[in-house]
Protein chains: 2
Amino acid sequence: MRMASGTQRGERRADALSKRRIVEAAIAILDAEGERALTFRALAARLATGSGAIYWHVANKDELLAAATDDVIARVMTDAGDGTGPREAVRAIALGMFDAIDVHPWVGAQLSRAPWLTAMPRIFEGIGSRLQALGVPEEAWFDSTSALVNYVLGVAGQNAANARLHGPGTDRAAFLGAIAEQWERLDAARYPFVRRLAGRLADHDDREQFLAGIDLILTGIEAALPDRARQGGHV
Amino acid sequence: MRMASGTQRGERRADALSKRRIVEAAIAILDAEGERALTFRALAARLATGSGAIYWHVANKDELLAAATDDVIARVMTDAGDGTGPREAVRAIALGMFDAIDVHPWVGAQLSRAPWLTAMPRIFEGIGSRLQALGVPEEAWFDSTSALVNYVLGVAGQNAANARLHGPGTDRAAFLGAIAEQWERLDAARYPFVRRLAGRLADHDDREQFLAGIDLILTGIEAALPDRARQGGHV
DNA sequence: ACCTGAACACCGTTCAAGT
DNA sequence: ACCTGAACACCGTTCAAGT
């Protein structure tokens with residue numbers, strides 16, 4: 001007796017294993033239970049199969065994580081980035097990444113593991129093409145894009161790290177408050193600056209601060225723009 | 001018969017276990033053989049003891065990695081950062097971190113795992129206090145420092161990731177060349193910008209590009225400076 | 001107080017055997 | 001071609017037993 005019910009030649013059962021389904025299941029586990037919960041055993045259980053079956057579709061865990069990350073980043077790049085002007089587009093792309101990593105913190109960690117061949121070209125293209133539209137001269141493309149991308153990746157990594165510390169579902173405010181409290185208790189002679197900063201830690205808005213950083217870099221980029229391009233991008 | 005040779009009351013044998021010695025051994029393994037090589041078994045073998053002995057001095061692997069990272073960062077902060085003016089000091093601190101991560105790539109990965117209570121205050125203090133000296137007004141301290149720190153962490157994470165891809169001791173140039181080649185082969189319709197960038201990937205100088213990003217952010221920070229502070233820091 | 005090393009629980013990955 | 005699931009090698013961590 002065949003397992004398939006209503007399948008025809010060349011078709012696949014709706015629940016047949018595939019890289020797409022595996023990646024989707026992986027994302028679901030990562031989102032709901034965090035990075036530590038993603039094991040081949042858990043994945044196999046969720047997909048009602050053996051752990052070895054997954055290896056038929058995916059080479060190893062690194063490839064699985066890269067594919068999951070690429071999935072999320074691809075969505076960001078198609079969804080965001082069509083603001084009015086090029087400056088708005090850069091901000092929109094950056095914010096899109098921030099928000100995506102807010103929902104999928106593990107993406108932030110994964111991006112620090114060099115998906116140079118999958119997610120990274122998407123990010124470079126998304127941001128760099130907008131800088132080009134902003135009128136940044138070709139000699140400055142690489143450095144400018146790299147500055148924005150690295151900043152975004154830095155924030156992404158920290159958000160991922162924070163999410164790892166307070167497991168999925170814990171509230172951020174209490175977490176930040178606890179750190180602020182520690183910072184206030186640091187040695188006054190060695191950490192005068194950090195102690196004065198501590199008060200702002202607890203009540204600052206991550207998203208606003210992220211955007212403030214983007215704006216600082218954009219201001220730096222625009223300061224080096226040829227006069228012609230300063231009035232909001234070229235035609 | 002006692003193991004000790006020439007030890008007196010209250011003294012420790014030169015080769016007695018201690019957190020310091022454990023952390024030093026861990027750093028040696030991480031530097032020489034990479035992150036994957038650091039296991040409690042390898043560490044115990046190197047220290048000629050049982051793996052359980054390490055747990056008497058160190059709570060777990062996370063604490064060990066945090067301590068190793070803190071060690072490296074602490075050295076950067078005491079060694080670097082005394083340039084002529086505050087702007088030079090910021091650049092010196094940033095470059096110090098870049099160079100440290102170049103030598104110890106695993107630090108870059110570890111910083112993306114939130115050592116909020118050890119390395120992070122050092123970094124914030126090192127950079128933030130110089131921005132203060134630069135004349136940045138208090139309302140802007142947090143955002144400005146955070147922008148620079150996140151950028152540095154982003155670069156750090158990428159350098160760590162690259163080092164992980166080409167194991168310790170492989171040459172960077174060939175590695176970048178391989179990626180540039182892949183980027184040139186991307187779909188022309190979807191990645192026009194990245195394809196044009198690919199040529200620059202292979203021959204660019206990481207360190208110079210890093211500094212260019214720092215300068216962009218510093219320019220953005222200085223653009224918002226009150227007039228009084230623009231001429232090179234306050235008195 | 002500090003060290004030893006076997007044991008435990010768990011993981012990524014492989015592979016002979018199935019369909 | 002694709003799936004099953006036991007087995008392998010390895011890891012972080014624990015802990016009873018030693019000194």
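Each chain gets a letter, A, B and so on, in the order its sequence line appears, and its residues count up from 1.
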### Task
Would you check if the side chain of A:Glu125 reaches a backbone N or O of B:Val194 as a donor-acceptor pair within less than 3.5 Å?
yes
Tested for side-chain hydrogen bond (donor to acceptor under 3.5 Å, both in side chains) against B:Asp143, the lone hit among A:Gln209, A:His204, A:Arg200 is A:Gln209
Ionic contact status for A:Asp99 with A:Arg207, cut-off 4.0 Å:
yes
Checking C:dC3, D:dT13, C:dC11 against the side chain of B:Leu17 (C-beta onward), the nearest is C:dC3
Applying the 3.5 Å cut-off to both distances, the Watson-Crick or G-U partner of D:dT14 turns out to be C:dA6
Side-chain contact check for B:Arg41: nearest option of D:dC11, D:dC3, C:dT13 is D:dC11
Taken to the nearest whole Å, CH2/A:Trp56 to C1'/D:dC2 is 6 Å
#### Entry: B:Glu184 bridged to B:Arg196 by N-O distance under 4.0 Å
no
In whole angstroms, the gap separating P of D:dC2 from CD1 of A:Ile22 amounts to 11 Å
DNA chain C nearest-nucleotide lookup for A:Leu38 and A:Ala53: closer to the 5′ end is A:Leu38
Between CG of B:Leu64 and P of D:dG12 the distance, given in whole Å, is 10 Å
Considering only heavy side-chain atoms of A:Lys61, the closest of D:dG12, C:dT13, D:dC3 is C:dT13
In whole angstroms, the gap separating P of C:dC11 from CG of A:Leu43 amounts to 13 Å
From CD of A:Glu35 across to P of C:dC10 the rounded distance in Å is 20 Å
Rounded to whole Å, the OH-P distance (A:Tyr55 to C:dA16) equals 17 Å
Self-check item: Side-chain N,O (A:His57) to OP1/OP2 (D:dA1) below 4.0 Å
Solution: no
key: Charged N-O contact under 4.0 Å between A:Glu63 and A:Lys19   = yes
B:Arg36 CZ to C:dG12 P, in whole Å, measures 13 Å
Atom CG of A:Asn60 and atom P of C:dT14 are separated, to the nearest Å, by 8 Å
